[in-house]
Amino acid sequence: MDDTLPLIGIVMGSDSDLPIMQEAAAMLKQFNIPFELTVVSAHRTPERMMEYAHKAKNRGLKAIIAGAGGAAHLPGMIAAITILPVIGVPIKSSNSIDGWDSVLSILQMPAGVPVATVALNGAKNAGILAAQIIATHDEAVAQKLSAYKAGLEADVLIKVNSLKTTWNNQFD
Ligand code: RP5
């Protein structure tokens with residue numbers, strides 16, 4: 001059990017969201033950012049959700065990644081309570097019609113209460129975005145992010161060169 005004080009809180013409505021949400025955890029691990037991960041359900045544990053959101057800032061968290069599926073109220077309700085940035089992950093869950101319910105529940109927040117919503121099942125990007133928030137005041141994380149982005153470019157250029165062996169490309 002890791003008891004390092006977390007900077008990022010990852011919460012999800014159910015453990016059935018974990019296969020997706022652990023992609024956010026993997027990115028935070030890659031960038032060496034301490035995080036915690038637990039289940040907080042807006043509908044099934046509303047008081048736990050309220051307590052989590054109320055205490056988050058004083059517990060030292062800098063941002064919260066919240067994922068939920070179906071009628072996905074968790075990210076928006078947490079954002080209603082805390083001033084920490086909340087990154088919402090819509091999840092295509094067993095009770096989701098086709099994912100649009102989760103996307104729209106998390107995306108269509110009223111003015112004044114933003115949730116930074118990533119793509120459906122986009123927990124990986126949620127982890128990267130949380131790291132970018134930390135990187136605004138942590139140079140070591142900023143350097144890891146720069147290296148990550150450079151790696152993305154290098155991967156594409158390898159594919160460009162590979163395609164060249166088969167397909168005409170006069171661009172470069
Ligand atoms: C949501 O309901 C959860 O976030 C999950 O995506 C979905 C289904 O939950 P389970 O019935 O699998 O626990 O609140």
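A quick note: this is a predicted structure, and the numbers were derived from the prediction, not measured. Every number for a ligand or one of its atoms is a count from 1 in the order of the listing. Residues: numbered from 1 along the sequence shown.
Looking at heavy atoms from C-beta onward, Met21 lies in side-chain contact with Ile65 at the 4.5 angstrom threshold. Side-chain contact check for Asn169 versus Leu163: every heavy-atom pair is 4.5 Å or farther apart.
Looking from atom 7 (C) of ligand 1 to the surrounding protein, the closest heavy atom is Asn95 OD1, 3.2 Å. The shortest contact between atom 12 (O) of ligand 1 and any protein heavy atom is with Ser16 OG, 2.6 Å. Counting protein heavy atoms only, atom 4 (O) of ligand 1 is closest to Asp17 OD2, 2.6 Å.
To the nearest 0.5 Å, the span separating CD1 on Ile78 from CE on Met49 amounts to 7.0 Å.
Checking Ser93, Ser94, Ser14, Gly69 against atom 9 (O) of ligand 1, the nearest heavy atom belongs to Ser14.
The N/O atoms of Arg44, backbone and side chain alike, include one that comes under 3.5 Å of an N/O atom in ligand 1.
If you run side-chain contact (heavy atoms from CB on, under 4.5 Å) between Tyr52 and each of Thr45, Ile64, Leu74, only Ile64 comes through.
Those atoms of ligand 1 that come under 4.0 Å of a heavy atom in Ala68, given as number and element, are 4 (O).
Partners of Glu23 by salt bridge (charged side-chain N to carboxylate O under 4.0 Å, His left out), not counting sequence neighbours: none found.
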